[in-house]
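Atoms within a ligand are numbered from 1 in the order they appear, just like the ligands themselves. Residues: numbered from 1 along the sequence shown. All figures in this text were calculated on a predicted structure; none of them were measured in a lab.
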Amino acid sequence: MNINRRKFLQNSAAGLAMTALAGTVTTACTKSEKKSNAKNTACLKISLQESVTPGNTLRQKLDFMESLGIAGIEPSGHRLRERLPELKAAVKDRTVKVSAICAGFSGFILSPYPEERQLFFESTQEIIQAASELEALGVVIVPAFNGQQPQYPHTPETRKFLIEQLQEIGQIAALYGTSVILEPLNRGEAFFLRQVADAASICRDANNNGVRCMGDFWHMTFEETSDMGAFLSAGDYLQHVHIASRKNRLIPGEDGEVDDYVNGFTGLKMLGYDKYISYECGCSGDRPTLIAQSVKMLEEQWAKA
Ligand code: MG
């Protein structure tokens, strides 16, 4: 393990300071006023994946986000270490913070080949270190995509193996003051992990502060019977949310009336969810206009929930 404990402690202090500031920098945040039987900390914090955001440069992208009161940016983990100085400088003195890091690792956990797993551990550890420096809440990971073959079969033994592996990588993430975030996908992409409750159950059994999960409204559309139920089942293990339109995976709102997130938002409010909801989607029209309309729509739906 290549762990710099001093840096971890510095990062922890920075993380605590950031937590103390949360809510003061984000104009899009609103206190939950109803249906919150929990901590009453629920807050709509919108994030955009970097590739979703209009702009030719990082500065233009961040300017666009700030103009709409967007709270977070989600970069890819690909080449993250190389990009670290650029990203750190870009978000310094901004209201926009790095929300989470989306994948970018090599190899995969559920490979029967030790060298593939080693590749996963080494690349993910590198991304975790960068995520920590960026004060991101976590690094989104998928245990195995359907196309990654051969992979261990979907059995109780594989689940146990997965948990052992997650405990190891989760311990590193926790030491760096961040997390690995398990993302359930739809059955066409990753049959091994499809539902938010299953991901949360894996987090519970891993019993490690560095292992967390998320829900992606796009995948949830196919796999969940209730958005609210799915989020409630995740409880405090819920670390991140992805969002897209519900028919074509475009900007939320592009698919019209089916882009209804009120039920899911109700669950998030009940949890007191105060982490990010991040756009991971394509766009079929004028990006700045559609994102501005979409943010307004989500704010209205959040208010209704
Ligand atoms: Mg996603």
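With salt bridges taken as basic N to acidic carboxylate O contacts below 4.0 Å, one links Asp216 and Arg249. A salt bridge does not link Arg204 to Asp236: none of the charged side-chain nitrogens sits closer than 4.0 Å to a carboxylate oxygen. Ion pairing between a basic and an acidic side chain is recognised when a charged N comes within 4.0 Å of a carboxylate O; Glu86 and Arg83 show such pairing.
The atom of Asp216 that is an N, O or S and sits closest to the Mg ion (ligand 1) is OD2.
At least one N, O or S atom of His242 sits under 2.8 Å from the Mg ion (ligand 1).
For OH of Tyr113, the number of neighbouring non-hydrogen atoms (other residues, nucleotides, ligands) closer than 6.0 Å is 12 at most.
Rounded to 10 degrees, the OE2-metal-OE1 angle spanning Glu183 and Glu280 at the Mg ion (ligand 1) equals 170°.
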